[in-house]
Amino acid sequence: MATKSRISDQVLKGPERAPHRSLLYALGLSREEMNRPLIGVVSAFNEIIPGHIHLDKIADAVKAGVRMAGGTPILVPAIGVCDGIAMAHPGMYYSLPSRELIADSVETMALAHCFDALVLIPNCDKIIPGMLMAAARINIPAIVISGGPMMAGDLDGRHLSLSNMFEAVGACKAGKISQNELTDYEETACPGCGSCSGMFTANSMNCLSEAIGMALPGNGTIPAVAAARYRLAKQAGMQIMQVLAKNLRPRDIMTSDAFTNALRVDMALGCSTNSVLHLCAIAHEAGVPMSLDRINAISATTPNLCRLSPAGPDHIQDLHLAGGVPAVMKELAAAKLLNTKLMTVTGQTVGRNIAGAANRNPSVLRPVKNPFSPTGGIAVLKGNIAPRGSVVKRSAVAPEMLVKTCKARVFDSEEAAIASIYAGKIKKGDVVVIRYEGPKGGPGMREMLSPTSALAGMGLDKDVALITDGRFSGATRGSAIGHVAPEAASGGPIALVKEGDKISIDIPAGKLNLLVSAAELKKRAAKLKPFKPRITTGWLARYQRLVGPADIGAVLQ
């Protein structure tokens with residue numbers, strides 16, 4: 001009987017491949033190992049990102065699982081940027097662009113070395129979507145197993161996360177806490193390995209990897225320090241052999257309906273606004289692009305069931321104890337808001353995966369009949385300042401800021417805005433407008449956690465809004481509206497806002513408008529000077545030339 005051909009046959013089979021086999025022997029591989037499927041184990045392990053510091057051990061567990069199931073695991077690396085460490089200085093220019101490097105490097109390692117399948121081991125912001133983009137692009141059997149969330153910190157019986165740490169800086173600047181108290185925060189907010197403990201971007205994307213069907217149940221919420229995380233990693237290593245045997249490919253799983261499921265879960269959880277950017281980019285690679293209008297339609301019909309940090313006091317560990325993502329999906333399925341017939345990397349349908357799930361804590365995970373709000377955690381706003389859309393984490397906005405008209409305070413960089421906030425120049429009723437920080441303008445669409453946290457720490461998050469063509473960390477709370485498209489660097493209307501203009505924000509209605517006449521805006525546009533790039537050398541300059549707008553995921557064109 002003829003043996004079924006494999007991708008790895010291109011480097012393993014026939015006399016012509018003797019030189020290739022010779023190099024594999026040099027790795028210490030045996031003939032028996034070369035007769036088995038070659039499984040690329042893509043690990044983002046490094047010693048600078050807390051979410052990645054333990055991924056070497058996760059990779060070891062994955063490799064053990066692959067071997068138990070009859071495969072040959074081959075470890076290869078991926079890079080990563082820690083957004084928290086890169087925040088509020090030029091390092092943040094590299095964060096979003098790194099997503100493209102990660103996708104490209106996974107594609108390169110997988111296809112150059114003819115792996116039969118991939119186990120992808122990310123854990124933080126851009127690494128997860130970058131690996132999923134690569135999986136969708138190259139479309140060989142793949143499975144995601146993350147490193148899991150960090151436990152929340154504990155200070156005098158109060159749980160803390162990184163968002164509290166950034167807000168504490170603002171509180172210290174405003175004289176609300178002492179320098180000694182700030183030191184207490186910094187020594188306790190991040191107690192160990194894992195992706196930061198709130199519903200920030202990393203945990204959002206790890207949960208959505210599960211919701212879209214590319215990760216095993218538990219991927220999004222099992223704590224990084226739990227033995228169950230290592231058991232899940234072994235299970236992922238074993239399961240990739242089943243996925244390979246069935247020739248179940250990422251595009252078989254990441255269908256248009258699967259993205260709808262992911263968006264439903266996104267809205268129910270109140271995920272980071274970055275999830276919109278990344279889901280659009282992954283969908284683009286999967287060949288099923290989605291629009292912001294679709295996101296708003298799903299948000300309008302999906303209840304928000306969780307208020308995790310920064311929107312509320314609970315953390316990912318609490319969601320895990322409440323039943324995790326399967327319990328969230330089961331709540332949605334009970335309201336017929338989920339397609340339960342879709343295939344996943346378990347080899348089973350969504351319905352089979354969540355059959356045994358249960359909501360174990362209705363105060364953390366609200367039942368679908370008693371939601372925090374009847375609409376989803378994210379909203380897309382449009383208007384004359386954002387004709388192609390903008391995004392806000394509605395679930396983290398105070399009720400009094402949902403509908404507001406504010407006076408514009410205009411800044412052409414994040415640094416200028418932060419300096420003004422810390423100097424006490426931003427007052428109640430203002431809206432801080434930060435522009436020229438979009439995908440091209442930044443370049444790299446920097447996260448604005450420092451200014452939003454400064455406002456929150458100073459007690460202004462219920463009185464001051466922030467609008468930017470940049471983006472926000474999932475740790476941001478308040479009326480923070482990002483991803484404004486078109487961006488200022490592309491001549492978008494946000495470039496026409498002047499100091500003192502009035503801006504109307506109506507989140508329930510999905511509206512964002514500059515209260516200036518069309519005639520006046522036309523005059524301003526005629527006088528607008530061409531954008532002058534901040535960075536003109538290195539690969540960021542190349543990225544700036546190629547990157548597309550935020551409303552289609554800031555993918556390279």
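In what follows, every heavy atom counts, from backbone to side chain, and hydrogens, waters and symmetry copies are set aside. Because the structure is predicted, anything quoted here is derived from the model rather than measured.
- By the neighbour-count criterion of 12 heavy atoms within 6.0 Å, atom CD of Glu400 is densely surrounded, having more than that number from other residues, nucleotides or ligands.
- Lys462 places no side-chain N or O within 3.5 Å of a backbone atom of Met401 that could act as its donor or acceptor partner.
- For the pair Leu244/Ile39, a side-chain contact is recorded, criterion being any heavy-atom separation below 4.5 Å from C-beta on.
- Residues that satisfy the salt bridge (charged side-chain N to carboxylate O under 4.0 Å, His left out) test with Arg137, not counting sequence neighbours, are Asp104, Glu107, Glu285.
- For the pair Asn304 (side chain) and Phe372 (backbone), a donor-acceptor distance under 3.5 Å is absent.
- Residues Met241 and Ala69 approach most closely at CG-CB, 3.4 Å, considering heavy atoms.
- For the 3.5 Å distance criterion, the side chains of Arg99 and His278 qualify, holding a donor opposite an acceptor.
- Side-chain atoms of Arg36 and Ser8 form no donor-acceptor pair, as typed in the model, at a separation below 3.5 Å.
- Checked by atom type and distance alone, the side chain of Arg394 never pairs as donor or acceptor with a backbone atom of Ala379 at under 3.5 Å.
- Inspection of the Arg477 and Ser309 side chains reveals no N or O donor paired with an N or O acceptor under 3.5 Å.
- In this structure, Asn359 contributes its side chain and Ala327 its backbone to no donor-acceptor pair below 3.5 Å.
- The environment of CD1 in Ile85 is crowded: more than 12 heavy-atom neighbours from other residues, nucleotides or ligands sit within 6.0 Å.
- Contact annotation: the side chain of Tyr230 approaches that of His54 to within less than 4.5 Å [non-hydrogen atoms, C-beta and beyond].
- Counting all heavy atoms, side chain and backbone alike, Leu269 lies closest to Cys207 at CD1-CB, 3.9 Å.
- A donor-acceptor pair is defined here as one N or O able to donate and one able to accept, closer than 3.5 Å; such a pair exists between the side chain of Asn203 and the backbone of Cys196.
- Put simply, the side chain of Thr188 does not reach to within 4.5 Å of the side chain of Asp154, judged on heavy atoms.
- Looking at Asp125, its side chain never comes within 3.5 Å of a backbone N or O of Ile127 through a donor-acceptor pair.
- Counting heavy atoms from C-beta outward, Leu216 and Val345 have side chains that approach closer than 4.5 Å.
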Take Val11 and His113 through the test side-chain contact (heavy atoms from CB on, under 4.5 Å) and record every step on the way to the result. CA-CA 8 Å; Val11 294; His113 302 104; over 6 Å; no

side-chain hydrogen bond (donor to acceptor under 3.5 Å, both in side chains) evaluation trace for Ser146 with Arg229: CA-CA 9 Å; Ser146 76; Arg229 174 59 57 179; 3.3 Å; yes

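- Between the Asn370 side chain and the Pro367 main chain, no donor and acceptor come within less than 3.5 Å of each other.
- For the residue pair Asn353 / Thr344, a side-chain donor-acceptor distance below 3.5 Å is found, with atom types taken as modelled.
- Annotation: side chain of Asn274 is not in contact with side chain of Ser204 (no heavy-atom distance under 4.5 Å).
- In this structure, the side chains of Glu447 and Met87 come closer than 4.5 Å at one or more pairs of heavy atoms.
- Scanning for salt bridge (charged side-chain N to carboxylate O under 4.0 Å, His left out) contacts around Lys63 gives an empty result, with sequence neighbours left out.
- The closest side-chain heavy-atom distance from Ser161 to Phe200 is below 4.5 Å.
- Taking each heavy atom of Thr476 and Lys393 in turn, the nearest pair found is O-CD, 4.4 Å.
- Interatomic distance, Leu449 CG to Leu162 CG, rounded to the nearest 0.5 Å: 6.5 Å.
- When atom types are taken as modelled, the side chain of Arg231 and the backbone of Ala61 share no donor-acceptor pair closer than 3.5 angstrom.
- A salt bridge links Lys382 with Asp293: the closest approach of a Lys/Arg side-chain nitrogen to an acidic carboxylate oxygen falls below 4.0 angstrom.
- The structure places CG of Asn206 at 5.5 Å from CG of Asn123, a figure rounded to the nearest 0.5 Å.
- The backbone N or O of Ala44 lies less than 3.5 Å from a partner atom in the side chain of His52, making a donor-acceptor pair.
- In this structure a side-chain-to-backbone donor-acceptor pair under 3.5 Å is present from Thr72 to Glu33.
- Donor-acceptor pairing under 3.5 Å is lacking for the side chains of Arg471 and Thr201.
- Of the inter-residue distances, the one linking Leu338 atom CG with Thr302 atom OG1 reads 9.5 Å to the nearest 0.5 angstrom.
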Leu277/Leu96 under side-chain contact (heavy atoms from CB on, under 4.5 Å): CA gap, chis, key distance, verdict: CA-CA 10 Å; Leu277 195 71; Leu96 181 60; 3.9 Å; yes

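- The shortest distance between side-chain heavy atoms of Ile295 and Cys280 falls below 4.5 Å.
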